[in-house]
Amino acid sequence: MRLDSGILDHRDVRGLLDHHEYSGEFCRLLCVAKNDGVSYSECVTAAKLIRSNGGPGWRQAWEELARSHLRRAEEFGRAGNDTAAQKAWLHAANYFMAAAIERSPEGSEPALVALARSCLGHYLEKLKPQGKTVAIPWLGDRWLEGFYLPVASDGADAGPVVVCIAETRRTKEEILSLVLRSARQRGMALLCVDLPDETSAGCSAPETGITAILDYLTDSRGIDAARIAVIGDGSPSSLVTRGIARDGRVAAAVCDGGLWDLWAMRHTETRGASLGMVQSCALPSAVACPLLVPLSDGDGIAPAHARHLLAEHHAGKRDILLKVFGENSSAPWPVDGYDWILVADFVFDWLGQHLKGDDTETGCSHLVDTRL
């Protein structure tokens with residue numbers, strides 16, 4: 001097993017740490033290294049230590065790295081070196097996130113999660129213009145927490161904003177680490193929000209969180225309400241799609257397009273409803289805005305079947321693109337077969353074409369199956 005830049009793909013990484021969850025997090029760190037959110041060499045060195053006989057465990061290795069960067073951030077801050085402090089805060093946050101996934105019976109280590117959020121808060125404070133942690137009013141006394149990163153306008157008109165929804169697969173902290181560079185390079189403001197799923201939300205319609213987020217943004221200064229896009233975290237769920245369809249104000253969306261609801265409805269019909277034993281699922285609502293539907297080889301739906309379901313449900317809709325990630329990927333450090341940073345770049349390039357803010361024809365995306 002090679003422990004240097006000779007590591008070629010995700011199979012090597014899984015062999016490196018012999019644990020699916022840990023390997024996935026290790027891949028995230030190495031992808032984030034492209035965003036300068038961690039150090040590539042530090043990650044590989046930590047992996048060596050974790051695998052060595054008598055070496056530190058997963059949590060200890062990453063926590064020690066995190067605390068070393070936390071000390072540097074504080075030292076740089078006292079010296080007035082804000083640029084170096086900002087970088088150190090981001091490194092510390094990502095390493096604390098990695099350490100926190102070593103679960104106890106109570107779940108992720110809450111103290112490490114809190115430290116990661118604190119470091120991210122300091123990182124946001126050092127941004128220009130300054131980012132911030134926001135609380136979005138939702139249901140009664142319930143709030144949605146998010147990270148908001150504006151962009152410098154230089155007196156220009158209000159700009160577009162991309163909302164990244166963390167539902168089940170990732171947290172808002174993880175999503176921020178993966179899309180940060182792509183958004184800022186393209187001059188797009190960013191809002192990353194945790195949205196509870198149906199079980200933990202304790203209500204019948206958690207997708208109403210989408211409307212709460214859009215209300216919050218339309219009341220904010222510097223935001224063009226006609227250029228708000230929403231990205232779901234790729235969960236096997238149509239919750240974000242339902243929220244977008246219900247609200248109707250989103251200019252472009254990256255989500256499942258109702259695919260998982262359609263898949264469940266089709267299986268219900270074929271396996272039970274036809275015998276009168278199971279009530280058929282409700283037909284998902286159509287989404288009016290342009291759609292990018294990402295699909296991974298490991299999602300459990302064959303691309304050809306996904307294309308058929310979407311084409312049937314969105315008959316006549318031309319501004320929808322089914323994008324399959326992962327198959328035949330030759331990129332280094334893919335996560336579950338694909339590289340998250342390349343995925344983020346593709347997604348934000350697509351959004352840029354649909355958030356131009358003028359009447360220029362952006363071109364129609366056909367229901368096709370393309371690969372990164």
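Basis for what follows: all heavy atoms, side chains included, without hydrogens, waters or symmetry-related copies.
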Q.
Quick check: do L292 and H354 have side-chain heavy atoms less than 4.5 Å from each other?
A. no

Q: To the nearest 0.5 Å, tell me how far L259 CG sits from L322 CG.
A: 8.0 Å

Q. Within a strict 4.5 Å, meaning less than it, do heavy atoms of the L178 and R28 side chains meet?
A. yes

Q) When you measure from the side chain of S238 to the backbone N and O of D261, does any donor-acceptor pair fall under 3.5 Å? A) yes

**Q.** Non-hydrogen atoms of C119 and A92 that approach each other most closely
**A.** SG-CB, 3.8 Å

(Q) With a 4.5 Å cut-off on side-chain heavy atoms, are V193 and F147 touching? (A) no

Q) Between SG of C192 and CD1 of I231, what distance do you get to the nearest 0.5 Å? A) 8.5 Å

Q: Begin with the C-alpha distance, continue with both residues' side-chain angles, and end with the deciding distance and a verdict on side chain to side chain contact (heavy atoms under 4.5 Å, CB included) for L124 and K132.
A: CA-CA 6 Å; L124 294 175; K132 58 183 178 180; 5.7 Å; no

Q) When you look at L309 and W263, which way does the side chain to side chain contact (heavy atoms under 4.5 Å, CB included) test go after all the steps? A) CA-CA 8 Å; L309 290 174; W263 181 86; 4.3 Å; yes

Q. Is V134 close to W143 at the side-chain level, that is, under 4.5 Å between some pair of heavy atoms?
A. no

Q. Any donor and acceptor pair, going by atom type alone, linking the side chain of N35 with main-chain N or O of G37 inside 3.5 Å?
A. no

Q) If every non-hydrogen atom of G258 is compared with every non-hydrogen atom of T241, which pair is closest and at what distance? A) N-CG2, 3.3 Å

Q.
Restricting to salt bridge (Lys or Arg N to Asp or Glu O under 4.0 Å), what partner residues turn up for E74, sequence neighbours left out?
A. none

**Q.** Euclidean distance, D349 CG relative to Q185 CD, rounded to 0.5 Å
**A.** 9.5 Å

Q: Drop me the distance from I101's CD1 to T171's OG1, to the nearest 0.5 angstrom.
A: 11.0 Å

Q: Provide the closest heavy-atom pair for E167 versus L239 in the form atom of the first, atom of the second, distance.
A: OE2-CB, 3.4 Å

Q) Does the side chain of P160 reach to within under 4.5 Å of the side chain of D224, using non-hydrogen atoms? A) no

Q | Test salt bridge (Lys or Arg N to Asp or Glu O under 4.0 Å) applied to R71 - qualifying residues, sequence neighbours left out | A | none

Q: Please report the shortest heavy-atom distance between R184 and P150, naming the atom on each side.
A: NH1-O, 3.6 Å

Q.
Assess the residue pair W350 and L321 against the criterion (side chain to side chain contact (heavy atoms under 4.5 Å, CB included)); give the C-alpha distance rounded to whole Å, side-chain angles, the decisive distance to 0.1 Å, and a yes or no.
A. CA-CA 10 Å; W350 182 87; L321 171 66; 4.1 Å; yes

Q | Salt-bridge criterion met for D256 and R242 (N-O under 4.0 Å) | A | no

Q) By side-chain hydrogen bond (donor to acceptor under 3.5 Å, both in side chains), which residues pair with R246, not counting sequence neighbours? A) none

Sequence neighbours excluded and cut-off under 3.5 Å, please list the side-chain donor-acceptor pairs for residues 75-87, or say none.
{"residue": "N81", "atom": "OD1", "partner": "A84", "partner atom": "N", "Å": "3.2"}
{"residue": "D82", "atom": "OD1", "partner": "K126", "partner atom": "NZ", "Å": "3.3"}
{"residue": "Q86", "atom": "NE2", "partner": "K126", "partner atom": "O", "Å": "3.4"}

Q. Are R67 and W62 in a cation-pi contact, defined as NZ or CZ under 6.0 Å from the six-membered ring centre and within 45° of the axis?
A. no

Q: Tell me whether L49 is reachable from V44 by hopping between hydrophobic residues (I, L, V, M, F, W, Y) whose side-chain heavy atoms are closer than 4.5 Å.
A: no

Q | Cation over ring face, K323 and F346, 6.0 Å, 45° | A | yes

Q: Indicate the atoms forming the closest heavy-atom contact of A226 with A251, along with that distance.
A: O-CB, 3.4 Å

**Q.** Residues V162, V230; criterion side chain to side chain contact (heavy atoms under 4.5 Å, CB included); working and verdict
**A.** CA-CA 6 Å; V162 178; V230 173; over 6 Å; no

Q) Going by heavy atoms in the side chains, are E145 and T133 under 4.5 Å from each other? A) yes

Q) When you check the side-chain N and O atoms of Y95 and E64, is any donor under 3.5 Å from an acceptor? A) no

**Q.** side chain to side chain contact (heavy atoms under 4.5 Å, CB included) involving S118 - partner list, sequence neighbours excluded
**A.** H122

Q: List for me each residue that meets salt bridge (Lys or Arg N to Asp or Glu O under 4.0 Å) alongside R59, sequence neighbours excluded, and say none if there are none.
A: E63, E109

(Q) Does any part of the side chain of V38, heavy atoms only, come nearer than 4.5 Å to the side chain of L30, both counted from C-beta? (A) no

Q) To the nearest 0.5 Å, what is the distance between CG (L191) and NZ (K172)? A) 10.5 Å

Q. Are E207 and V240 close enough that some pair of their side-chain heavy atoms sits under 4.5 Å apart?
A. no

**Q.** Reported CD1-to-OG distance for the pair I341 and S182, which is rounded to 0.5 angstrom
**A.** 6.0 Å

Q: Of all the heavy-atom pairs spanning M97 and E174, show the shortest one and how long it is.
A: SD-N, 3.9 Å

Q. Just by modelled atom types, is the L291 backbone N or O under 3.5 Å from a matching donor or acceptor in the D319 side chain?
A. no

